[in-house]
Amino acid sequence: RKFKRDLEVQHPTESFRDIGGMDSTLKELCEMLIHIKSPEFYFQLGLLPSRGLLLHGPPGCGKTFLARAISGQLKMPLMEIPATELIGGISGESEERIREVFDQAIGYSPCVLFIDEIDAIGGNRQWASKDMERRIVSQLISSLDNLKANEFGQSVVVIAATTRPDVLDPGLRRIGRFDHEIAIHIPSRKERREILRIQCEGLSVDPKLNYDKIAELTPGYVGADLMALVSRAASVAVKRRSMKKFRELHAASEKNMTTVTLDDDEPS
Ligand code: ATP
């Protein structure tokens with residue numbers, strides 16, 4: 001049985017401007033991206049620019065979002081796959097799927113291949129209970145090495161994300177593989193304020209909104225939690241507005257008036 005899924009090729013519109021509270025990370029990434037875009041300087045020194053990036057951090061802290069923004073920033077198409085989808089039940093199936101995904105990415109190069117939850121296929125071979133698990137990691141490593149061998153003809157940037165970097169096989173983190181790592185942490189108060197500010201950009205928000213106060217009241221919230229908070233606030237605003245409209249209409253009908261329209265002020 002072959003893995004038939006053709007990876008969807010996306011063209012993310014996100015960029016570094018959409019990411020809040022990661023200033024030093026973005027600076028570090030800019031350097032990496034410049035070398036990916038123009039590798040000549042590296043080649044002159046007999047080096048190959050790093051094109052494997054490992055993002056690790058707790059759920060919801062923006063790993064997928066950052067991968068999309070890198071792709072948007074590089075203006076390279078993105079192919080995204082959760083590593084769990086690469087696992088097949090029959091012997092050799094997972095290795096075949098990994099080979100196929102990398103082949104598809106090479107076919108679309110230059111592009112970004114994003115493998116989420118890489119720990120599902122990249123666990124430490126020393127602790128593997130089954131031979132199959134060891135073979136899967138070895139296949140992943142050899143697919144990464146093949147990309148390196150094709151460097152001049154093909155250009156695939158591979159980004160992997162995990163919440164559990166501790167379980168990964170050390171071989172995956174060697175030079176030429178995922179040799180660039182970024183740890184994304186739970187945002188600080190100042191970073192939460194930045195994230196909120198960016199997430200509220202373009203929304204109809206009360207100009208007096210105290211971002212600092214909200215940041216103070218949300219310790220432990222990650223980007224995804226703050227996004228959920230903003231969406232919840234937006235739906236409360238919509239609900240309040242419709243309640244207000246409903247009361248106005250009700251009062252108008254009681255007085256037999258028809259002056260209330262439905263399209264005045266915006267919710268905020
Ligand atoms: P998981 O490990 O569960 O896959 P994740 O780390 O990949 O989580 P994302 O899916 O990237 O997290 O984040 C969810 C959403 O939270 C994003 O789509 C984005 O809207 C918002 N978000 C997360 N971090 C940030 C940030 N730093 N700035 C702005 N928005 C953010």
Side-chain angles (χ1 to χ4, degrees), residues 5-23 25-26 55 57-75 77-82 84-85 112 114 116-117 161 163 184-268:
R5 184 178 148 175
D6 262 338
L7 290 187
E8 188 196 340
V9 181
Q10 305 172 46
H11 298 274
T13 51
E14 289 92 338
S15 75
F16 287 174
R17 280 167 192 270
D18 303 308
I19 295 184
M22 288 197 202
D23 289 356
T25 298
L26 298 184
L55 304 176
C61 63
K63 299 182 293 296
T64 308
F65 198 48
L66 186 55
R68 295 186 64 80
I70 291 172
S71 164
Q73 201 74 40
L74 283 169
K75 295 195 172 57
L78 174 75
M79 301 173 88
E80 184 179 347
I81 186 142
T84 43
E85 283 192 19
V112 175
F114 175 55
D116 203 1
E117 302 168 77
T163 51
I184 306 178
H185 53 259
I186 293 181
S188 65
R189 174 176 162 176
K190 188 168 162 259
E191 289 164 345
R192 288 196 298 280
R193 192 186 58 203
E194 273 314 296
I195 295 173
L196 276 166
R197 207 182 275 282
I198 284 184
Q199 289 177 340
C200 289
E201 247 169 41
L203 299 181
S204 160
V205 173
D206 184 341
K208 291 199 290 288
L209 181 72
N210 189 342
Y211 291 96
D212 214 22
K213 187 73 194 160
I214 304 174
E216 187 194 331
L217 293 171
T218 47
Y221 276 48
V222 290
D225 301 326
L226 295 170
M227 190 73 226
L229 184 69
V230 172
S231 309
R232 178 86 188 107
S235 42
V236 169
V238 168
K239 200 168 169 190
R240 269 198 202 150
R241 183 177 182 261
S242 27
M243 287 307 289
K244 189 175 154 222
K245 275 283 149 204
F246 175 77
R247 276 196 293 271
E248 281 173 10
L249 281 171
H250 186 69
S253 72
E254 281 202 333
K255 287 186 198 159
N256 202 14
M257 283 162 52
T258 51
T259 48
V260 181
T261 59
L262 280 172
D263 54 0
D264 53 4
D265 54 323
E266 287 291 306
S268 88

Would you say [X]'s side chain and [Y]'s backbone share a donor-acceptor pair under 3.5 angstrom?
X	Y	value
Arg193	Asp212	no
Lys63	Gly57	yes
Lys190	Gly21	no
Arg192	Thr218	yes

Once you round to the nearest 0.5 Å, how far does [atom1] of [X] lie from [atom2] of [Y]?
X	Y	atom1	atom2	answer
Glu201	Gln199	CD	CD	10.5 Å
Leu66	Ile70	CG	CD1	4.5 Å
Ser242	Leu249	OG	CG	11.0 Å
Leu78	Glu8	CG	CD	9.0 Å
Asp18	Ile195	CG	CD1	12.5 Å
Glu194	Asp23	CD	CG	7.0 Å

Nearest atoms (heavy-atom pairs only) where [X] meets [Y]:
X	Y	result
Ala161	Asp116	CB-OD1, 3.5 Å
Ile186	Pro58	CG1-CG, 3.7 Å
Pro187	Tyr221	CG-O, 3.4 Å

So do [Y] and [X] actually touch side chain to side chain, heavy atoms under 4.5 Å?
X	Y	result
Pro77	Val112	no
Phe114	Ser71	no
Asn210	Glu216	no

Hey, is CZ on Arg189 packed in by over 12 heavy atoms from elsewhere, all under 6.0 Å? yes
Looking at Phe65, I'd like to know if its CZ atom is crowded, meaning that more than 12 non-hydrogen atoms belonging to other residues, nucleotides or ligands lie closer than 6.0 Å. yes
Would you mind telling me which of Leu196, Val205, Asp225, Ile214 makes a side-chain contact (heavy atoms from CB on, under 4.5 Å) with Val230? Leu196
Identify which one of Thr64, Leu7, Val9 satisfies the side-chain contact (heavy atoms from CB on, under 4.5 Å) criterion when paired with Glu80. Thr64
